[in-house]
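Notes for the one structure printed next.
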Amino acid sequence: MVELTVTVTNSLGLHARAAAQLVRTANRFQSSVRLERIDGSARADAKSILSVLMLAASRGTALRAVAEGDDEQEAIAALSSVFEDGFKEVSERKHQVAAEPREMKWTGLGVSEGLVLGRVLKLHNGTRHVYRAHIEDADSERELKRFRAAARLARRQLLAIKARAEEQLGKDHAYIFDAHLLFLEDQKLSNEIENYITREHSNAEWAVKVVGDRLLSVYAEIKDDYLRERGSDIEDVIQRVLVALSGERPQYRNLSEDAVIVAEDLLPSAVAELDLQHARAIATDAGGWTSHTAIIARGLGISAIVGLGDLYQHARTGDEIVVDSFKGEVVLHPSSATIEKYRAEAARLAETRATEPAKEYGSVRTQDGMEIILRANVEFPAEFEGVRRFGAQGIGLYRSEFLLARPGVMLSEEEQYKAYSEVAKLAGANGAFVRLFDLGGDKVGDSLIESERNPALGLRAIRFGLTHESVMRTQVRAIMRAAAKGRLDIVLPMIADVGDVSRAQKIISEERSKLEREQKERGSVRIGAMIEVPSAVLTAEKIARTVEFFQLGTNDLVQYLLAVDRSNDKVADWFRSLHPAVLQSIARTLGAAREANIPAIVCGEMASTPAYSVLLVGLGATDLSMTPSSIPRVRRVLAGIDSRDASSIAAQCLQCETADEVEDLVREQFKSRWPDLFTPRSLPARRS
Ligand code: PEP
Ligand code: MG
């Protein structure tokens with residue numbers, strides 16, 4: 001064994017380039033070579049770049065180099081000269097060092113309440129790389145092979161990139177790819193991943209992600225800014241391997257650890273693929289109040305801000321971040337003073353807003369005795385728990401298309417039958433309103449639909465079903481069969497007129513007869529129409545005569561009535577739920593249902609907002625369906641109002657000319673009539 005004390009003399013310390021040189025040198029020898037801080041606080045295998053970087057050795061750090069083996073003398077000599085040369089450092093820091101992470105702020109649209117301090121987990125487009133699967137022993141070998149093949153592919157890509165960079169930019173600039181290559185070839189990394197696959201019965205993607213995240217979180221702790229930045233290189237390598245693995249597109253779920261998910265745009269299909277139970281918040285560059293990401297975040301009760309512009313570009317996995325959706329604020333790299341401030345705020349909020357299970361269940365009565373039914377909107381099994389917890393009277397809207405979140409996968413009748421049976425069981429005596437697949441638009445299942453120039457106006461919802469009859473027939477059969485297990489009704493989405501209804505009814509009735517002929521057990525289902533496009537509102541009286549209930553989808557109603565893309569943050573200012581045209585359409589639809597003596601459930605996001613729910617009651621609604629966690633707040637507000645007051649305010653709103661006018665009126669009237677029920681924050685914000 002030979003030992004030598006060396007000192008890091010170059011100005012950048014043992015950063016990626018220097019570490020790469022060191023590792024390449026150590027790997028030329030058979031002997032083992034290790035480096036230790038003199039105070040014994042850290043030691044590293046000099047043949048592993050990950051290990052060497054973890055020494056976080058900056059300029060002036062003294063290290064003990066120890067070599068052991070046949071060529072130990074030569075190894076130490078070579079290492080010593082590398083140190084003496086100062087790693088032939090060029091003035092790279094000037095160009096490469098990222099600016100000191102300083103606090104950066106973004107303002108967006110808070111779409112789901114919560115104040116969270118956490119660490120960024122960046123999700124790349126589609127997030128298809130983060131999955132969890134339980135792999136049987138027999139299949140572990142296959143996963144190991146997949147990982148090795150992906151690593152080989154990533155290596156080939158990096159070699160090509162490095163060669164190109166050397167040619168085009170010169171050796172000095174291509175070194176970073178050398179570091180990437182070393183990360184990839186690092187035995188420590190691959191051993192950890194392979195061990196994880198075998199020990200945890202994990203699929204390769206998940207193992208890569210977990211090991212990579214772990215490594216990144218260690219890097220995030222490094223004090224030296226420059227070295228900490230190298231975490232992003234590891235992130236790049238991890239992503240490269242994940243992309244290489246994704247050729248097979250496995251469909252597994254789960255998210256690594258508690259995290260603040262930062263993405264450019266979290267597509268519903270991506271959200272659906274993840275088990276977001278462990279996510280603490282979502283922050284996206286794009287999105288609007290009724291985008292499905294927002295709806296789901298509210299459903300899961302996690303904080304979310306959308307429309308942040310370019311947060312994604314600046315954030316790195318592992319960065320500290322604050323998400324305050326009450327103010328619509330995101331702070332990246334918060335200073336200690338900022339962290340302190342938000343911690344105090346979070347503690348104060350936790351005291352005042354403990355989400356206890358509901359103490360009351362079922363419908364609510366206003367002060368003058370009007371009964372209002374409160375139901376739950378549900379997309380995922382993860383939200384099922386909330387249905388009971390928050391005291392919902394069954395499921396007012398089951399967005400069945402989320403069953404098809406896995407790209408390109410259509411479920412069989414049996415699979416759907418199982419899913420709907422579970423929903424029926426969960427919903428209990430009050431039943432569940434199962435909406436036929438609402439595919440297209442900004443919804444899930446886009447891989448089942450050919451791309452369209454204008455998907456919101458394209459082959460969406462019932463149009464998809466009527467065009468792909470076999471898909472609709474399978475779903476209808478599954479629902480009718482599951483209805484034998486509990487009360488289920490069928491909702492036809494995005495009905496334009498009576499014509500759509502009768503075509504759908506014909507298919508349903510044919511499938512009903514077929515089930516009868518096949519002597520398959522089935523339950524009776526009612527058929528209702530979703531009223532959410534202007535033509536349906538204008539012909540609501542006619543549609544009401546042909547169906548057994550209405551569902552009023554205010555999200556799409558606002559979108560189509562005001563011609564505002566519900567997912568586009570650029571036009572979020574035009575998305576005005578309290579626009580007089582929207583209120584008139586709601587009043588008209590509710591009136592048509594009343595005339596025809598059929599129930600009408602209002603199930604858009606308006607019902608989830610306490611102030612809006614009062615207006616809905618004022619417009620004649622008696623049946624509301626919403627995000628489960630909103631039920632207690634809506635219940636408290638409705639129990640405190642007199643429906644006659646709500647009607648009189650609603651009548652005045654209907655006379656207004658603009659959304660601004662309606663909002664002014666609501667603020668003023670609600671504040672003076674119900675000062676204890678509404679804080680300024682719970683009323684529509686004043687627009688500048
Ligand atoms: C709506 O449009 O209001 C609705 C309830 O359905 P979705 O948000 O799923 O389109
Ligand atoms: Mg809709």
Side-chain angles (χ1 to χ4, degrees), residues 111-112 267-269 271-272 287-299 306 374-380 383 392 395-405 432-446 455-465 489-496 500 528-537 540 549-568 575-579 582-583 585-586 589-590 600-609 612-613 616 619 621 623-628 630:
V111 291
S112 179
L267 299 172
S269 55
V271 181
W289 171 255
T290 61
S291 60
H292 280 79
T293 302
I295 292 173
I296 291 156
R298 288 194 285 273
V306 301
L374 304 177
R375 306 179 199 261
N377 291 349
V378 167
E379 291 84 32
F380 299 117
E383 295 163 301
I395 296 174
L397 173 64
Y398 176 59
R399 292 180 161 105
S400 68
E401 60 277 6
F402 280 86
L403 284 172
L404 308 180
F433 292 81
V434 182
R435 177 170 73 186
L436 296 188
F437 299 140
D438 187 352
L439 298 165
D442 74 328
K443 310 280 184 150
V444 290
D446 46 359
L457 304 181
L459 201 62
R460 198 191 137 178
I462 197 69
R463 301 171 189 178
F464 176 88
D489 294 308
I490 291 180
V491 183
L492 310 174
M494 222 182 127
I495 288 300
D500 281 345
M530 194 106 188
I531 307 295
E532 50 188 347
V533 299
S535 63
V537 172
F549 61 89
F550 271 177
Q551 291 259 1
L552 223 158
T554 57
N555 305 333
D556 278 312
L557 188 59
V558 177
Q559 159 162 276
Y560 292 122
L561 208 51
L562 306 183
V564 184
D565 180 345
R566 59 192 275 188
S567 305
N568 183 348
F575 194 95
R576 308 292 292 270
S577 299
L578 296 191
H579 195 288
V582 175
L583 302 184
S585 300
I586 294 172
T589 307
L590 293 173
I601 302 166
V602 184
C603 59
E605 288 305 293
M606 280 181 80
S608 298
T609 313
Y612 294 2
S613 73
L616 290 171
L619 292 168
D623 202 332
L624 306 176
S625 190
M626 65 201 79
T627 302
S630 300

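These numbers were taken from a predicted model, which means no experiment stands behind them. As the structure lists them, so they are numbered: ligands from 1, and atoms in each ligand from 1.
- The Mg ion (ligand 2) lies closest to atom OD2 when only the N/O/S atoms of D556 are considered.
- The residue M606 has no part lying near ligand 1, judged by heavy-atom distances below 4.0 Å.
- Atom OG1 in T554 sits 11.5 Å away from atom CD in Q559 (nearest 0.5 Å).
- Contact annotation: for R399 versus ligand 1, heavy atoms closer than 4.0 Å belong to the side chain alone.
- The shortest N/O to N/O separation between N555 and ligand 1 falls below 3.5 Å.
- Rounded to the nearest 0.5 angstrom, M494 CE and D438 CG are separated by 7.5 Å.
- Heavy atoms of Q551 stay at 4.0 angstrom or farther from ligand 1.
- Atoms of ligand 1 lying under 4.0 Å from at least one heavy atom of L397, given by number and element, are 5 (C).
- For ligand 1 and R566, the ligand atoms under 4.0 Å from any heavy atom of the residue are 2 (O), 7 (P), 8 (O), 10 (O).
- Put simply, CD1 on I601 and CG on L397 are 9.0 Å apart, with the number rounded to the nearest 0.5 Å.
- If you take CG on L557 and OG on S577, they are separated by 9.5 Å, rounding to the nearest 0.5 Å.
- Under the 3.5 Å distance criterion, the side-chain polar atoms of N377 are matched with a main-chain donor or acceptor of C603.
- The atoms of ligand 1 that sit less than 4.0 Å from any heavy atom of D556 are 1 (C), 2 (O), 3 (O), 10 (O).
- The closest approach between a heavy atom of R460 and any atom of ligand 1 is below 4.0 Å.
- With ligand atoms numbered from 1 in the order given, ligand 1 contributes 5 (C) to contacts under 4.0 Å with heavy atoms of C603.
- Distance alone, capped at 3.5 Å, places no donor-acceptor pair between the S608 side chain and the S630 backbone.
- Counting atoms of ligand 1 from 1 in the listed order, those under 4.0 Å from a heavy atom of M530 are 4 (C), 5 (C), 6 (O).
- Looking at Q559 against ligand 1, nothing comes within 4.0 Å, counting heavy atoms.
- Looking only at distances, a side-chain donor or acceptor of Y560 sits under 3.5 Å from a matching main-chain atom of A456.
- A distance of 11.0 Å separates CG in D623 from CG in L552, rounded to the nearest 0.5 Å.
- Near E532, meaning under 4.0 Å from one of its heavy atoms, ligand 1 places the atoms 1 (C), 2 (O).
- Taken to the nearest 0.5 Å, the CE atom of M530 stands 12.0 Å off from the CZ atom of F550.
- Within E532, the N/O/S atom positioned nearest the Mg ion (ligand 2) carries the name OE1.
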